[in-house]
Participant: 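Sharing a structure here in structure tokens format.
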Amino acid sequence: MTEALAAILLFVLCIGWFVLPLIPTIREIRRGGEARPLAVDRENDGEVRHFARRFKAYLESNFVTPTLRECLDSGSDFKGQLQDGTPYFIADRDGAESIQTNAIVMFSKPVVLSDGFEFTQGIYSTAHIDCGPHSLIRSLYGEDGARLRERTVVLRWLYVGKDLVAGKGCALYGRASAEESMHIGEDVEFERLHAKRILFGDASAGVASPEDVPANDGQANSRPLRPFTCADARARRLSANSYAIDEDLYIPPGTLARGNFVVRGAVRIGGGARVEGSIKSYQDMHIEAAAVVDGSVTSGKDLEIGRGCRVRGPAVAGRRLKVGSGCRIGFEESPTSAIAPSIFIDSGVLVYGSVWARKYGKAGG
Amino acid sequence: MAAFFIRFSGYVVLLLISLYAIRHYWFTLNRLFGFQRHPYVDIDTADWPHVTVLIPAHNEELVIAQLLNALLEVNYPSDRLLILPINDRSADRTGEIIDDFARRYPARVKPFHRRKGKGGKAAALSDAMEMVDDEILLVFDADYIPGRGLIKQLVAPFFDPGVGAVMGRVVPWNVGRNTLTRLLDLERAGGYQVDQQARMNLRLVPLYGGTVGGLRRSALIAIGGWDVNTLTEDTDVTFRLVLAGWEVVYENRCECYEEVPETWPSRVRQIQRWAKGHNQALLHHSFRMLKNRHASLGQRVDSIFLLGVFAMPVVILSGWLLALLAFYIDGESLRGAVPVLSVSAYTSVGNFAAFFEIAAAARLDGVPKKIVLMPLNILSFVVSLLSVTKATVEQMLFPFLGRVFVWHKTERTRNRA
């Protein structure tokens with residue numbers, strides 16, 4: 001081998017050695033297999049009914065001729081398999097006891113189920129459904145209302161077109177939504193709830209009524225509220241209507257604080273006081289009984305709302321949210337959200353809108 | 001003496017680069033294993049406030065209709081959403097297209113035709129403010145395509161009275177156009193999915209990016225409005241808000257498609273404008289940030305790193321030069337520093353997300369195969385390094401040359417309307 005040949009060989013080897021790790025790159029550039037924009041679900045708008053709507057669309061896509069509605073009305077094709085092999089079963093009231101629970105079960109008439117059914121697939125019902133105690137339901141889509149008796153567990157999601165009543169000790173995992181009202185019984189565990197009205201408390205009476213929670217319009221105290229001045233709190237102005245406070249803030253009972261407050265320390269709002277604006281604490285916030293906040297409340301850690309308070313919302317806590325009995329969060333005409341990793345809500349609380357416990361939510365007993 | 005100077009400067013450069021590298025490792029580890037903070041993402045039900053969407057548009061006939069159509073389809077209450085396209089001295093059909101939308105949707109689209117005045121986005125936004133009455137204003141560049149739920153997601157943080165600005169995530173849509181767009185896709189992923197979200201998690205200072213974001217009008221007024229003399233009004237506003245005590249938050253799930261530059265000259269002009277604007281902000285705000293009593297120590301220190309991102313390429317090139325000098329002048333003075341400099345530089349440069357940030361972002365996005373393009377990122381890195389250094393040096397010389405900054409608009413390439 002001549003020196004020149006050896007040099008060329010060495011050069012080629014070096015180039016080859018350098019190019020070797022680039023082979024996957026070169027292949028990818030040529031093929032463009034991953035040359036796609038990141039998939040952004042532009043249609044998913046975070047809607048609480050997202051899974052419910054997809055489930056219904058999935059069912060309807062499997063019943064073209066006859067349609068799902070025709071099948072349910074006529075009782076034809078009452079048993080079979082969907083295109084992906086999932087079994088389905090159309091039940092009626094008379095056959096409730098012989099329901100095939102390992103299939104997607106559909107009801108076309110009002111039904112009252114006995115104890116302990118375990119539905120390993122979804123339920124679709126066009127009429128009111130009353131699930132017996134200790135039932136286990138993967139998911140439920142009800143065009144009408146639904147009642148879950150004691151200790152029923154919903155594993156994935158639940159949607160009803162009218163009212164939902166969840167009895168004592170039920171567990172609602174995932175998203176639960178009702179177009180009208182929800183009545184969440186004592187000791188119910190939940191994650192995400194949404195309805196026009198959500199009433200927490202003894203659900204044995206049935207559908208929730210706003211009258212069950214007395215309204216606090218901030219005028220319960222007949223004496224006029226004393227103005228709370230920012231000089232009291234050593235606040236500095238952030239903007240025309242917003243103030244920053246670098247220490248703890250205490251708004252005394254029976255006072256009226258106007259503006260938005262951003263507080264580095266802890267916040268305590270005295271009983272019967274009123275905040276005409278929003279308030280944020282980077283630490284804990286405690287709102288004492290019968291106070292009113294006409295805006296949002298945000299706490300970096302724990303947020304405790306005492307008995308009989310009213311909060312326009314949203315109410316957001318970084319760690320734990322506790323709501324005392326007789327509270328109202330949101331309004332009928334302006335629903336809102338109550339959000340925290342852990343939420344504990346006493347009986348007799350009324351929320352208009354959404355309650356979202358990221359880790360654990362429990363209705364008090 | 002020369003050897004001492006080289007040695008001292010070399011170690012200063014090494015220290016700076018190492019600090020940036022540590023910061024990037026910290027962010028990446030936080031993003032992969034730390035607590036992820038998304039405090040407002042679950043606010044889906046609320047009494048949504050009135051909002052104005054500002055769209056600065058200078059010769060945007062290729063893309064403006066797409067954005068307006070997308071905004072008309074969002075799920076925000078239509079009676080509370082005003083779309084305000086700013087036809088900023090356009091010489092093409094931009095004004096005509098905007099007027100057509102205004103004719104068809106008179107209650108929802110209110111055009112603002114700006115026929116004269118200073119160039120640049122900040123100047124256009126500043127002039128348009130006289131038409132804004134709403135407390136919340138969102139800003140979109142004309143090449144963006146928001147999804148249905150994006151406006152609610154961007155508005156939700158403003159229920160927190162301490163939030164002055166919100167930033168969403170930018171996702172390139174024209175990824176498959178060529179190698180440059182693919183590299184920019186990687187860089188954007190690292191920058192947003194890891195860097196911005198980590199700053200949010202760690203309660204540092206996420207950057208308001210001037211598009212796919214929003215501002216509280218009263219906060220903007222309180223800090224003196226838009227500064228028309230800056231090239232990056234977004235960075236400037238971010239730091240003026242933080243200095244005044246407002247919070248800037250990042251919403252990683254507010255994803256919005258954008259068009260990234262498809263040619264290298266366009267990319268070079270874009271990054272040079274960013275560099276000059278960022279360096280302006282470094283000059284104006286860094287010392288004030290360090291002294292800011294309202295910010296935490298972490299925020300103060302990280303702000304300096306963030307503001308210094310576009311100064312780092314100059315530092316890195318200086319480091320390489322010093323290492324070379326040391327080798328020829330005094331072989332002992334920077335012993336071992338040459339390989340450290342050459343390797344560590346690539347792992348530490350800020351805006352051009354470090355390679356492990358890109359890898360982490362690809363994993364978090366569920367597209368791990370994208371990292372096979374990583375070796376080519378060196379190309380993008382070198383181009384950025386040289387472009388930013390040139391821009392910075394020019395910037396330092398401008399006062400002596402009597403030249404002024406010129407706003408270079410990013411070119412659009414495709415009519416998707």
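Every chain is numbered from 1 and lettered A, B, ... according to where its sequence line falls, protein lines coming before strand lines. Hydrogens, waters and symmetry mates play no part in the numbers below; they use all other heavy atoms, side chains included. Computed from a prediction, not measured in an experiment: that's the story for all the values here.
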Participant: Who passes side-chain contact (heavy atoms from CB on, under 4.5 Å) against B:R203, sequence neighbours left out?
Facilitator: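 For B:R203 the side-chain contact (heavy atoms from CB on, under 4.5 Å) partners, ignoring immediate neighbours, are B:R37.
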
Participant: Please report the closest heavy-atom contact between B:A222 and A:L238, naming both atoms and the distance.
Facilitator: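 Minimum heavy-atom contact is CB-O, 3.2 Å.
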
Participant: Picking from A:A338, A:P314, A:A317, A:G353, which has the most non-hydrogen pairs under 4.5 angstrom with chain B?
Facilitator: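 That would be A:P314.
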
Participant: Identify which of A:S278, A:P335, A:P24 forms the greatest number of heavy-atom pairs closer than 4.5 Å to chain B.
Facilitator: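 Most heavy-atom pairs within the cutoff with chain B belong to A:P335.
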
Participant: Specify the closest pair of heavy atoms between B:A219 and A:S239, including all atoms of both residues, with the distance to one decimal.
Facilitator: N-CB, 4.4 Å

Participant: Would you mind checking which part of A:I26 comes under 4.5 Å of any heavy atom in chain B, side chain (CB onward), backbone (N, CA, C, O), both or neither?
Facilitator: neither

Participant: Return the option, out of B:V175, B:L220, B:V41, with the maximum number of heavy-atom pairs under 4.5 Å with chain A.
Facilitator: B:V175

Participant: Do A:S296 and B:P161 have side chains that approach each other closer than 4.5 Å (heavy atoms only, starting at C-beta)?
Facilitator: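 Counting from C-beta outward, A:S296 and B:P161 do come under 4.5 Å.
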
Participant: Is chain B contacted by the side chain of A:F261, its backbone, both, or neither, given a heavy-atom distance below 4.5 Å?
Facilitator: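 For A:F261, the backbone is the part near chain B, not the side chain.
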
Participant: Are more than 12 heavy atoms from other residues, nucleotides or ligands located less than 6.0 Å from atom CZ of A:R236?
Facilitator: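 Counting neighbours around CZ of A:R236, more than 12 heavy atoms of other residues, nucleotides or ligands fall under 6.0 Å, so yes.
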
Participant: Using a cut-off of under 4.5 Å on heavy-atom pairs, state which of B:D365, B:T181, B:I221, B:I371 scores highest against chain A.
Facilitator: B:D365

Participant: By a 4.5 Å heavy-atom criterion (distance strictly below it), what part of A:R237 contacts chain B: side chain, backbone, both, or neither?
Facilitator: neither

Participant: Would you find a donor on one side and an acceptor on the other, under 3.5 Å apart, between the side chain of B:T45 and the backbone of A:T336?
Facilitator: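 Judged by distance alone, no pair lies under 3.5 Å.
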
Participant: If I compare all heavy atoms of B:Y257 with all of A:L38, which pair ends up nearest, and what's the gap?
Facilitator: OH-O, 2.7 Å

Participant: Going from NZ on A:K280 to CZ on B:F159, what distance comes out if it is rounded to the nearest 0.5 angstrom?
Facilitator: 14.5 Å

Participant: Does either side chain, that of A:S354 or that of B:D44, offer a donor lying less than 3.5 Å from an acceptor on the other one?
Facilitator: yes

Participant: Around A:R156, counting heavy atoms of other residues, nucleotides and ligands shown, do more than 12 lie under 6.0 Å from its CZ?
Facilitator: no

Participant: In terms of heavy-atom proximity below 4.5 Å to chain A, should B:E247 be classed as side chain, backbone, both, or neither?
Facilitator: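 The answer is the side chain of B:E247.
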
Participant: I need the minimum non-hydrogen distance between A:V316 and B:P39, along with the two atoms involved.
Facilitator: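 Answer, listing the atom of A:V316 first, then B:P39: CG1-O, 3.9 Å.
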
Participant: Return yes if some donor-acceptor pair links the side-chain N/O of A:T25 with the main-chain N/O of B:V372 below 3.5 Å, else return no.
Facilitator: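 Yes, the answer is positive, given that a donor and an acceptor are paired below the 3.5 Å cut-off.
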
Participant: Non-hydrogen atoms of chain A under 4.5 Å away: do they reach the side chain of B:R169, the backbone, both or neither?
Facilitator: side chain

Participant: Considering the options B:R182, B:K369, B:K370, which one meets the salt bridge (charged side-chain N to carboxylate O under 4.0 Å, His left out) requirement together with A:E28?
Facilitator: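 It is B:R182, the one option of B:R182, B:K369, B:K370 that forms the salt bridge (charged side-chain N to carboxylate O under 4.0 Å, His left out) with A:E28.
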
Participant: Output the residues of residues 262-269 of chain A for which the shortest heavy-atom distance to chain B is under 4.5 Å, in residue-number order; output 'none' if no such residue exists.
Facilitator: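 Counting heavy atoms that sit under 4.5 Å from chain B, the residues of residues 262-269 of chain A involved are A:V262, A:R264.
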
Participant: Using a cut-off of under 4.5 Å on heavy-atom pairs, state which of A:N241, A:N260, A:I29 scores highest against chain B.
Facilitator: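 Going by pairs under 4.5 Å, I would pick A:I29.
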
Participant: To the closest 0.5 Å, what do you measure between CZ (A:R358) and CG (B:D42)?
Facilitator: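 Spacing of CZ (A:R358) from CG (B:D42) equals 4.0 Å.
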
Participant: So what's closer than 4.5 Å to chain B heavy atoms on A:A39: side chain, backbone, both or neither?
Facilitator: backbone

Participant: If you round to the nearest 0.5 Å, how far is OG of A:S299 from CG of B:D160?
Facilitator: 10.5 Å

